[in-house]
Amino acid sequence: MLDQRLLRDNPELITAQLARRGLDVDLTGVQLIARQERDLEQQRSELQAEGNRIGKQVGQLIQAGAAPNSSEVQELRDAGNRIKQQVAVLEEEEKVLESRLREQLLTLPNLPSPEAPDGRDERDNVEVLTWGEPRLPEAGETLAEHWQIAERLGLFESERSVRIAQSRFVTLLGAGARLERALISFMLDLHGRKGYQEVLPPILVNSASLTGSGQLPKFAEESFRCADDDLWLTPTAEVPVTSLHRGEVIPAEQLPLKYVAYTPCFRREAGSYGRDTRGLIRLHQFNKVELYWFCHPDHSAEAHQQITADAEAVLQALQLPYRKIELCSGDLGFSAARTYDLEVWLPGAGAYREISSCSVCADFQARRSGIRCKDGKATQLLHTLNGSGLAVGRTMAALLENGQQADGSVMLPAALAPYFGSDRIQAPQ
RNA sequence: GGAGAGGUGGCCGAGUGGUCGAAGGCGCAGCACUGGAAAUGCUGUAUAGGGGCAACUCUAUCGAGGGUUCGAAUCCCUCCCUCUCCGCCA
C-alpha cells in the first residue's frame, strides 16, 4: 500500500512512477478523498475537544456541590448532547471516506524502485549474468523433456491424479517422491546454515494475511478459498511469513529477521490454459522453499543482493546452469519494487525457465501489514524481501533434464546424494 | 464440543462512573554521587493521526466492535483471543 501523505502532497510522483509499470492512473479522485478525510478529521477533533471541556465542567460543578438537575448543569448537558450528535454525523462521513480511500489504495501496486530498469514487458527484462554451461544436445542426440524422463522412470502419476483432484495436480511416486523430499531437506539445510530460521507455517491463511502481502483484494481469483471459513490455501509462503509479524514493532537491533519456510503452494493459474499442461512446471499445488527477510529500510538494497545470492547458491550447489535477469518496471509483480528472476536451463526444452523470483518490496507490505521497526526513538515501517529458494518441482524438472543419461538413468549432483540416498535414478529394467 | 477464569503501557500490576493515557514496581535513557562501577537519589520514558518552523497543542486508543452517559479502563451487548478442567481426536 502507498503512503497516504504522499498521495495528499505529491500525487504526481505516484502517477509518474506507476506510469513506468505501464499504468495510466488518475489519482485526482483518491487524492480528493484523502484531503476531505483529513479536513473532516480536523473538524471532528475540534468538536470532540469542546465536548471534553464540557464534560469536565459538569464533573467539576457536581463535585463542587451543584445539583445534578440544576439548570446550569442541564444546559451543559444539552450542549454536550448537541456536540455528540454533530460528532456522530462527522464520524459517519469520515468512516465512509476512510474505507473508500483504503479500498482504492489497496488496489494500487507498489512503486518501482528507481533502480529498476524501465520497460514494458518481459521482453525488456535485463540479463544480469549467466552461470554454468548450458547443456546442448550432442550430434545425433535428442534430449528429453522432464516429463518424458519422469514418465519413463515412473516418478509421477498424472492421469490418476485427476481422479484424486483434477487436472494440473500430480502424485509423486517412489524415487520421485523421495527426490522431492530430498530437495526440500537439502534446501532447508543449506539456508539454515546461512542463518535463516526455519518456519513451518499454517498453509491455510485468512483474508487479512492475503491482504497484508498484496494478494487481496486484486488477485482473489488466483487463490483457492475455503468457502465456509475466512481461510484460503496459501499461494506462497510469503503470505504466512509476512503475517508472522503483522502488527508488530521490532527492535532494530534484531533485524534482519531471516526466515526460510517450506510450504506447499496453491494457485488457480487462471488464464494459463493450455500452457505447460504436462509435467511439473505449472501445477495447482507445488512445493516451494521460500526465503524471507524483514530488514531495516537502510539495508534493503544490500539485502536484496544477498537474498538473491542465497537463492543462486542452491542452483550452484546443484550444478544447474542458470541466468539471472532483472525485471523491467513493466514486468514487476504487484508488491515488488525491484525483482531478480533466476531462470534455470532446461536442456530438453532448450530454454531457460523461471525457478526463483527475488523481490524487495520496500515498505509496501509492511504498510499493509503494520510491521515497523524501532531504533532509538524513531519507529518506522521496515522493509520486506522474498525469494524462492527454490521452487521444488521445477528444480526436480531441471535435475532430470540436466542429468539425463543415454542409458535412460539420471545422474544427480553430489550434494544431493546424502539426501536422496544415491547419486542417480536408475531406469527400470 | 461442554464448564470456569481472564485480556490494562516494553514487562509485572493497581484501578469498578468524573480533571485517568492511567498509581506502584521492573526495565530502559539522562543527570548527580564514584577513581571506575555497584548501590542510591533525581528526571524522563506508549502508539497513531491532525495542526505548528519550533516550543507545543488537539484527537483517538486500557483485546475488537457497538451501546448507556454531559463524562466509560470502570456499566450493558456482541465478537475475538488466552489459560484451566472435562469430552473427542492424529
Side-chain angles (χ1 to χ4, degrees), chain A residues 1-10 30-102 105-106 200-212 226 228-231 240 243-255 257 264 294 297 363 365-382:
Chain A
M1 194 160 63
L2 303 176
D3 189 0
Q4 290 188 32
R5 263 171 297 197
L6 188 64
L7 174 68
R8 279 201 306 257
D9 302 338
N10 196 357
V30 214
Q31 195 204 11
L32 189 66
I33 295 174
R35 290 191 164 160
Q36 281 175 341
E37 197 217 336
R38 192 210 17 210
D39 293 345
L40 272 180
E41 184 184 345
Q42 236 168 92
Q43 284 180 45
R44 191 213 68 223
S45 67
E46 273 165 32
L47 272 173
Q48 281 175 324
E50 178 60 21
N52 287 342
R53 276 193 292 275
I54 291 173
K56 275 185 187 173
Q57 276 181 48
V58 174
Q60 280 165 355
L61 283 174
I62 290 174
Q63 288 209 326
N69 51 5
S70 66
S71 63
E72 193 182 11
V73 170
Q74 196 52 49
E75 260 171 50
L76 285 171
R77 282 189 177 158
D78 293 344
N81 271 325
R82 279 195 299 274
I83 285 176
K84 195 158 67 167
Q85 279 167 22
Q86 293 174 49
V87 167
V89 171
L90 290 179
E91 264 176 350
E92 205 52 47
E93 288 177 45
E94 211 179 320
K95 225 182 260 180
V96 171
L97 287 180
E98 212 178 289
S99 71
R100 267 169 56 196
L101 179 63
R102 184 173 163 81
L105 277 176
L106 282 176
L200 194 62
I203 53 178
L204 265 62
V205 297
N206 57 36
S207 301
S209 297
L210 280 163
T211 306
C226 306
D228 292 339
D229 308 274
D230 176 32
L231 288 172
S243 280
L244 189 60
H245 291 294
R246 179 147 47 88
E248 291 185 21
V249 178
I250 299 167
E253 61 271 16
Q254 286 177 20
L255 298 176
L257 294 172
F294 297 86
D363 62 12
Q365 293 177 324
R367 184 174 290 106
R368 287 174 163 248
S369 298
I371 311 174
R372 291 164 297 161
C373 64
K374 180 171 187 164
D375 58 314
K377 287 251 170 196
T379 306
Q380 58 182 327
L381 294 169
L382 50 70

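Given the structure is predicted, the values throughout are model-derived calculations rather than measurements. In the text below, chain A, chain B and the rest are named by the order of the sequence lines, each starting its count at 1.
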Student: Between B:rA39 and B:rA29, how many Å separate the two P atoms, rounded to a whole number?
Tutor: 12 Å
Student: With a 4.0 Å cut-off on heavy atoms, is A:Q63 in touch with a base, just the backbone sugar-phosphate, or nothing at all?
Tutor: base
Student: Would you measure the distance from the P atom in B:rG10 across to the matching atom in B:rU84 and give it in whole Å?
Tutor: 25 Å
Student: Return the pairing partner of B:rG6 with a 3.5 Å limit on both distances, Watson-Crick or G-U wobble; otherwise return none.
Tutor: B:rC81
Student: Between A:Q48 and A:R44, is there a side-chain heavy-atom distance shorter than 4.5 Å?
Tutor: yes
Student: Pick the P atom in B:rA46 and in B:rG7, then give their distance to the nearest Å.
Tutor: 23 Å
Student: For A:Q48 and B:rG49, what is the distance between atoms CD and C1' respectively, to the nearest whole Å?
Tutor: 12 Å
Student: Expressed as a whole number of Å, how far does the P atom of B:rG25 sit from that of B:rU43?
Tutor: 11 Å
Student: Measure the distance from CG on A:N52 to C1' on B:rG17 and round it to the nearest whole Å.
Tutor: 15 Å
Student: How long is the line joining CD1 of A:I83 and P of B:rU59, in whole Å?
Tutor: 12 Å
Student: Using modelled atom types and a 3.5 Å cut-off, is there a donor and acceptor pairing between side-chain atoms of A:S45 and backbone atoms of A:Q42?
Tutor: yes
Student: Applying a 3.5 Å limit to both distances, which nucleotide forms a Watson-Crick or G-U wobble pair with B:rU68?
Tutor: none
Student: P atom, B:rU8 versus B:rA64: distance in rounded Å?
Tutor: 10 Å
Student: Now, which nucleotide makes the Watson-Crick or G-U wobble pair with B:rU59, with each of the two distances under 3.5 Å?
Tutor: B:rA48
Student: Look through every strand shown and name the nucleotide pairing with B:rC53 as Watson-Crick or G-U wobble, where both distances are under 3.5 Å.
Tutor: none
Student: Going by purine N1 to pyrimidine N3 plus the second Watson-Crick contact, or the G-U wobble pair, all under 3.5 Å, which nucleotide sits opposite B:rA37?
Tutor: none
Student: Below 4.0 angstrom, N of the basic side chain to O of the carboxylate: do A:D363 and A:R367 qualify?
Tutor: yes
Student: What interatomic distance, in whole Å, is found between P of B:rU61 and the corresponding atom of B:rA73?
Tutor: 7 Å
Student: Does the structure show a Watson-Crick or G-U wobble partner for B:rA90, both distances under 3.5 Å? Name it, or say none.
Tutor: none
Student: Expressed in angstrom and rounded to an integer, what is the separation of A:L101 atom CG from B:rG49 atom P?
Tutor: 14 Å
Student: What integer distance in Å separates A:L90:CG from B:rA60:P?
Tutor: 14 Å
Student: If you assign A:E41 and A:A49 each to the RNA chain B nucleotide with the nearest heavy atom, which residue ends up on the more 5' nucleotide?
Tutor: A:E41
Student: Verify the distance criterion only: is there a donor paired with an acceptor across the side chains of A:R368 and A:T211 at less than 3.5 Å?
Tutor: no
Student: Figure out the CZ/C1' separation between A:R372 and B:rG10, and round it to whole Å.
Tutor: 14 Å
Student: Starting at the 5' end of nucleotides 64-82 of chain B, put B wherever the base has a protein heavy atom under 4.0 Å, S where only the sugar-phosphate does, and a dash everywhere else.
Tutor: --S--BBS-----------
Student: Between A:S70 and A:A67, is there a donor-acceptor pair closer than 3.5 Å when you use the side chain of the first and the backbone of the second?
Tutor: yes
Student: Sort out the partner of B:rA23 for me: Watson-Crick or G-U wobble, both distances under 3.5 Å, none otherwise.
Tutor: none
Student: Touch check for A:Q60, heavy atoms < 4.0 angstrom, all strands: base, sugar-phosphate only, or nothing?
Tutor: base
Student: Is any side-chain nitrogen or oxygen of A:R5 closer than 4.0 Å to OP1 or OP2 of B:rG49?
Tutor: yes
Student: Using atom P in both nucleotides, what's the gap between B:rU78 and B:rC28 to the nearest angstrom?
Tutor: 44 Å
Student: Side chains of A:L105 and A:L7: does their closest heavy-atom pair fall under 4.5 Å?
Tutor: yes
Student: Judged by atom type as modelled, is there a donor-acceptor pair below 3.5 Å linking the side chain of A:Q31 to the main-chain atoms of A:R8?
Tutor: yes
Student: Specify the separation, in whole Å, of atom CZ of A:R38 and atom C1' of B:rG52.
Tutor: 13 Å
Student: Partner of B:rC42 by Watson-Crick or G-U wobble geometry, both contacts under 3.5 Å, or none?
Tutor: B:rG30
Student: Can you find a side-chain donor-acceptor pair between A:Q86 and A:R82 that sits under 3.5 Å?
Tutor: no
Student: Quick one: is B:rU47 close enough that its OP1 or OP2 comes under 4.0 Å of any side-chain N or O from A:K374?
Tutor: yes
Student: Could you measure between the two P atoms, the one in B:rC31 and the one in B:rG18, and give it in whole Å?
Tutor: 41 Å
Student: Decide, yes or no, whether a salt bridge links A:E41 with A:R38 under the criterion of side-chain N to carboxylate O below 4.0 Å.
Tutor: no
Student: Using a cut-off of less than 4.0 Å, is there contact between a side-chain N or O of A:R8 and OP1 or OP2 of B:rG50?
Tutor: yes
Student: Once you round it to whole Å, what is the distance between C1' of B:rG51 and CD of A:Q43?
Tutor: 14 Å
